[in-house]
Amino acid sequence: MTGTEEATLHSPLHDRHVALGAKFSEFGGWLMPLQYSGVVAEHRAVRTAVGIFDVSHLGKLRIVGEGAADFVNTCITNDLTRIAPGQAQYTLLCDDAGGVVDDLISYLIAADEVFLIPNASNTTRVGELLAAAAPAGVEVINEHRDHAVLAVQGTNADEVLGVLGLPVAMDYLSFTQALWRGIDLIVCRTGYTGEKGYELVVPAADAGAVWDAVLAAGAEYDILPCGLGARDTLRTEMGYPLHGHDLSLAISPVMANLGWAVGWNKATFWGAEALREQRQAKAGRLLRGLKAKGRGIPRPDMAVQVDGVEVGTITSGTFSPTLSVGIALALLDRTVTVGDSVDVVVRDRLEPFEVVKPPFVEPGVRED
């Protein structure tokens, strides 16, 4: 979506971002902070201390009614029966051809209630598809603008939320509903940075109070407000896919090496037949990691070559602040494997890269 200034949506925290001197960019029709103090500084704050992100542009869909969880499970790729109420799960929604409509997080609240967080630009489409397929008695409610989402990410995330008395003693991909100073919110041990952290789903009207309190509590732990620029470099270091780049209607979960997020033994899910055929055929390109051997910085859509022959395309590429080299995700021919050397065409010159298996840095999401 490319919105005009009038059509572009603003976060409930927009005024606070302006006061902090944020630089803005459009993400899925929302004007969101790209950076405050700088992408590298914000990136390193998350890896070594703690940062707070406003990710209120992410979608929010609530599916309610008798059999809601069973219905959702017939649509998404992952298997909701693998988790219990109070747990979350990464999953995908595919079309009949196996292409990815969106990747999202499912929060299983109860057998009759599931909360989904899709990407901003895909929320309306995901909601429409689910609503069209929902059986009688199951309702799909678009709550996109009803909630803010704050991501508190980094080694010191526990300490910061602990100062506020928010619950933190939970396993990775678990969540709990809490009452904080009269505000009903959800605390989820999830995130998109590869570090230990939490996402707070807060009523939009109360977002400012929670944001202010987290920043105040984090002052002694060197917290920094972080923009979506750092979120992108952090997720790339983890090898986490971004829809529209590493996932799309043309890039399936099989191609993206996301078979672990597919319930292959489920009776059915959208795109099941096509994905099972792809998995069996073992054909087509696969998403791999690339790490620069020199000073080349890869960017999306750059060609990848071996001996002058194109073997793939960069889907995500950036400079890694942690490793101080260029890194990328790329769709490559299956003849190219981990350990191979390839060239990336960077501004009409060939830059050498090594094919690696992400993540590029050690993840900390499961840190105690």
Side-chain angles (χ1 to χ4, degrees), residues 39-40 43-44 46-48 90 92 100 103 153 155 172 191-196 229-248 250-262 278-279 282-347 349-367:
V39 171
V40 172
H43 178 112
R44 289 175 176 162
V46 173
R47 288 279 182 254
T48 61
Y90 178 79
L92 305 105
V100 179
D103 63 333
Q153 302 282 300
T155 303
Y172 179 52
Y192 196 49
T193 66
E195 294 299 327
K196 185 173 185 178
R231 189 169 182 261
D232 189 60
T233 56
L234 288 158
R235 71 92 189 169
T236 305
E237 287 188 347
M238 288 296 108
Y240 294 160
L242 175 65
H243 191 273
H245 289 257
D246 318 297
L247 295 168
S248 69
I251 305 175
S252 74
V254 173
M255 298 168 68
N257 282 314
L258 292 175
W260 58 268
V262 178
Q278 287 183 29
R279 186 188 190 205
K282 297 182 180 179
R285 288 178 168 177
L286 291 175
L287 199 67
R288 305 282 194 188
L290 298 181
K291 182 179 177 182
K293 294 182 177 181
R295 301 179 64 181
I297 306 299
R299 300 298 181 192
D301 300 323
M302 288 180 174
V304 182
Q305 298 181 354
V306 172
D307 296 330
V309 177
E310 184 169 327
V311 295
T313 305
I314 301 293
T315 54
S316 289
T318 191
F319 173 80
S320 164
T322 303
L323 302 176
S324 296
V325 297
I327 58 173
L329 298 176
L331 271 179
L332 302 177
D333 292 348
R334 288 180 180 243
T335 54
V336 182
T337 60
V338 172
D340 287 352
S341 294
V342 297
D343 293 316
V344 175
V345 183
V346 180
R347 296 180 180 175
R349 67 180 186 275
L350 298 181
E351 291 285 349
F353 282 74
E354 179 186 1
V355 181
V356 300
K357 182 180 179 180
F360 296 92
V361 302
E362 187 70 24
V365 291
R366 298 183 185 275
E367 175 187 320

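Keep in mind that what you see is a predicted model, and the values were worked out from it rather than measured.
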Checking T48 against T155 for the side chain to side chain contact (heavy atoms under 4.5 Å, CB included) test, could you report, in this order, the C-alpha distance in whole Å, the side-chain angles of both residues, the deciding distance, and whether it holds? CA-CA 6 Å; T48 61; T155 303; over 6 Å; no

Using side chain to side chain contact (heavy atoms under 4.5 Å, CB included), reason through L247 and L242 one step at a time and then give a plain yes or no. CA-CA 6 Å; L247 295 168; L242 175 65; over 6 Å; no

Could you go step by step and tell me if L258 and L287 meet the side chain to side chain contact (heavy atoms under 4.5 Å, CB included) rule? CA-CA 9 Å; L258 292 175; L287 199 67; over 6 Å; no

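Side-chain atoms of D232 never come within 3.5 Å of backbone atoms of G229 as a donor-acceptor pair (strictly under, hydrogens ignored). Remark: side-chain polar atoms of R44 are paired, donor with acceptor, to backbone N or O of P321 under 3.5 angstrom. With hydrogens and angles ignored, the 3.5 Å screen pairs no side-chain donor or acceptor of R285 with any backbone N or O of M255.
The only member of P300, P358, P298 that meets side chain to side chain contact (heavy atoms under 4.5 Å, CB included) when paired with L329 is P358.
Closest of all the heavy-atom pairs between D343 and P352 is OD1-CA, 3.8 Å. Y240 approaches T193 most closely through the heavy-atom pair CE1-N, 4.1 Å. Of all non-hydrogen atoms in F360 and G289, the two that sit nearest each other are CZ-CA, 3.8 Å. Residues V336 and V342 come closest through the heavy atom pair CG1-CG1, 3.9 Å. Closest non-hydrogen pair, P253 versus V262, comes out as CB-CG2, 4.1 Å.
Taking H243 as the reference, N122 meet the side-chain hydrogen bond (donor to acceptor under 3.5 Å, both in side chains) condition, with sequence neighbours excluded. A search for salt bridge (charged side-chain N to carboxylate O under 4.0 Å, His left out) contacts involving R366 returns nothing, not counting sequence neighbours. Applying the side chain to side chain contact (heavy atoms under 4.5 Å, CB included) criterion to K357, with sequence neighbours excluded, gives V338. For the ring-ring contact (aromatic ring centres under 6.0 Å, His included) test, no residue two or more places apart in sequence or in another chain qualifies with F319.
Within a 6.0 Å radius of NZ in K293, other residues, nucleotides and ligands contribute more than 12 heavy atoms. Within a 6.0 Å sphere centred on CZ of R295, other residues, nucleotides and ligands contribute 12 heavy atoms or fewer.
Between L234 atom CG and Y192 atom OH the span is 11.0 Å, to the nearest 0.5 Å.
Using a 4.0 Å cut-off between charged side-chain N and carboxylate O, R47 and E195 make a salt bridge.
At least one side-chain heavy atom of V355 sits under 4.5 Å from a side-chain heavy atom of L290.
Note on residues 316-331: pairs passing side-chain hydrogen bond (donor to acceptor under 3.5 Å, both in side chains), not counting sequence neighbours, are H43-T322, R235-S316, E237-S320, E237-T322, D246-S316.
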Donor-acceptor pairs under 3.5 Å, side chain of residues 305-312 to any protein atom, not counting sequence neighbours: which ones?
none

